[in-house]
K.L.:
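Below you'll find the structure I mean.
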Protein chains: 2
Amino acid sequence: MSSLLARSPKLSSVVAGEIRASIIADGLQPGDNLPIEKEMIESFGVSRATIREALKELEVQGLIRMKTGPTGGPIVAGSGSQEALQAIQNFCYFEKVTIDDVYELRTLLEVRLVRSVVGHIDEESFARLQELADLSAVPARNEDARRRQREAEFEFHTAIAGCSPNRLLTMMIEVLAAILVHATARESSRHRMHSEWSCENARYHSDILDALRREDEEAAAALMEEHMAQAHGHLQLMYGQVSLEDIALGTNRGA
Amino acid sequence: MSSLLARSPKLSSVVAGEIRASIIADGLQPGDNLPIEKEMIESFGVSRATIREALKELEVQGLIRMKTGPTGGPIVAGSGSQEALQAIQNFCYFEKVTIDDVYELRTLLEVRLVRSVVGHIDEESFARLQELADLSAVPARNEDARRRQREAEFEFHTAIAGCSPNRLLTMMIEVLAAILVHATARESSRHRMHSEWSCENARYHSDILDALRREDEEAAAALMEEHMAQAHGHLQLMYGQVSLEDIALGTNRGA
DNA sequence: GCGTATTTGTACGTATGTATG
DNA sequence: TCATACATACGTACAAATACG
């Protein structure tokens, strides 16, 4: 082998790279089938364990997913935003990313987003947004209702993000929001402060929605900026200047 | 939401989740050792294949890396920015993210970055930035020199990003820049336009560096915004409004 | 609804490469 | 140099899930 390549890469990674290249070269789209393991064993001339490790690598990267049974096998997966989220969450753990860091980015992106979607929201999306805003408006009694409310607050932002044609922006905002939700999931239901904060969130969401309906870009942007600042302040009070590291990273699959 | 969980109860993923949780629960840091495969087989009560798939998952996610030989085994890996890049690149492939999409985000982040690092750059970093700016200033003769120049242009931005205390911002900027470099790597050296563009980049880099030295935040921000707009324009002219993967594959018009 | 075939998921055994001391 | 400990790779077998008759 070439001495230029200092270390010997794992055979499974080499195979994974070839499979990945073939996916792109063939222009395969989500849902398309790849050769089954048995065929790959022959075509690559390696053992099944190696093929499976290669496929596992691509699966974790969000490129494919496995399907059992007849007509099954590896198939090209769509988007892979979940996998990106997982990787970024891992990054945040090691780099000791703080709540401040996340909000610096999130504020920037959310304000930009809300500006870019003004005038580009259809009625169906408006209805969904209204529904989500209303959901978080009513005060939550028990812990389960509070959890659903928290999900609705999260989804309000991802629903707006979904209105942008810039999928990268959409994904980044979803990831940042998911990181915060996940980081605070354990403690949030215990904090008495949360119910009060939730009320404030609901008001902001409702106001932002109104501004979007009026197609008032400046108002929507200003409200979003204020909303982010308030949320940031609340989390700072709750958790202080701590990194997200001590927060459990979620398992991406399974129950 | 249901897509988040509800799916494959693959044993290996469950085990991976438990290992991940234990890493975080124990507060393990990069370099720390995890139990070796044999011990995990006992403690989890599963086969070697399952443990290996679980470890492979964590390895691909950038959480651990494997080390052979005595005193080897799975050890906690640092950062994982490469893995995040890979996941985001995969995302861009499926979602047909365009150059416009990337630059919308990149402009936002780079301008924010350059503002936030004003007055926080030490002499060593300034020296490095000057070196990189000079490197791309001289016109490149052959293709290899042009490639190095391109790398220097890329590194100029990542070097600035490295001056920010916000590691998430640093990583995002690195990822966006890497995506653009990767997408245009094949064609860039062939375009006659590139040498002219490179010259312009060098000028911007030099000017931005000057503004940073003067600690003139407004000038630095304005220059960076202009720099991004120019770069965006050049890439648009070269490739038009096509998705990134089409560029990487050379399936765009304009041979 | 049921059985069967197909394909992945899990398991066990074994051999080889590789790094440590 | 050699022995040891670990990951890497291969082969086989069976279980579980799913599509199809």
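For the numbers below, each heavy atom of this structure counts, side chains included, while hydrogens, waters and symmetry mates do not. Proteins get letters first, then strands, A, B, ... in listed order; numbering begins at 1 in each. A quick note: this is a predicted structure, and the numbers were derived from the prediction, not measured.
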K.L.:
Mind checking what makes side chain to side chain donor-acceptor pair (under 3.5 Å) contact with B:E42, not counting sequence neighbours?
P.N.:
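Once residues adjacent in sequence are excluded, B:E42 has no partner under the side chain to side chain donor-acceptor pair (under 3.5 Å) criterion.
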K.L.:
Looking at residues at least two apart in the chain, or sitting in another chain, which of them share a salt bridge (charged side-chain N to carboxylate O under 4.0 Å, His left out) with B:E110?
P.N.:
B:R106
K.L.:
Tell me, please, which residues at least two apart from B:E104 pass salt bridge (charged side-chain N to carboxylate O under 4.0 Å, His left out).
P.N.:
A:R112
K.L.:
Can you name the side chain to side chain donor-acceptor pair (under 3.5 Å) partners of B:D144, sequence neighbours left out?
P.N.:
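Once residues adjacent in sequence are excluded, the partners of B:D144 under the side chain to side chain donor-acceptor pair (under 3.5 Å) criterion are B:R147, B:R148.
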K.L.:
Any chance you could list the contact pattern along nucleotides 1-13 of chain C? Use B for base contacts, S for sugar-phosphate-only contacts and - for none, protein heavy atoms under 4.0 Å, 5' to 3'.
P.N.:
----BBBBBBBS-
K.L.:
Which pairs count as salt bridge (Lys or Arg N to Asp or Glu O under 4.0 Å) when at least one residue sits in residues 70-80 of chain B, sequence neighbours excluded?
P.N.:
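Passing the test, one end in residues 70-80 of chain B: no pairs.
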K.L.:
Could you name each residue pair satisfying side chain to side chain donor-acceptor pair (under 3.5 Å) that touches residues 15-30 of chain A, not counting sequence neighbours?
P.N.:
A:R20-A:Q61, A:Q29-B:K96
K.L.:
Quantified as the angle between the terminal helix axes (five pairs each), what is the overall bend of the helix from C:dC2-D:dG21 to C:dG21-D:dC2 to 10 degrees?
P.N.:
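Axis-to-axis angle, ends of the helix: 10°.
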K.L.:
What residues, two or more places apart in sequence or in another chain, satisfy salt bridge (charged side-chain N to carboxylate O under 4.0 Å, His left out) together with B:E131?
P.N.:
B:R128
K.L.:
Under 3.5 Å, is there a donor-acceptor pair linking the side chains of B:E57 and B:S13?
P.N.:
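B:E57 vs B:S13: donor-acceptor pair found between side chains.
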K.L.:
Sequence neighbours left out, what passes ring pair (Phe, Tyr, Trp, His ring centres under 6.0 Å) with A:F156? Give chain and number order.
P.N.:
A:H205
K.L.:
Not counting sequence neighbours, which residues clear salt bridge (charged side-chain N to carboxylate O under 4.0 Å, His left out) with A:R167? List them please.
P.N.:
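Counting only residues at least two positions away or on another chain, A:R167 forms a salt bridge (charged side-chain N to carboxylate O under 4.0 Å, His left out) with B:E95.
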K.L.:
Would you grab the first and last nucleotide of DNA chain D (5' to 3') that comes under 4.0 Å of any non-hydrogen atom in chain B?
P.N.:
D:dT4 to D:dT8
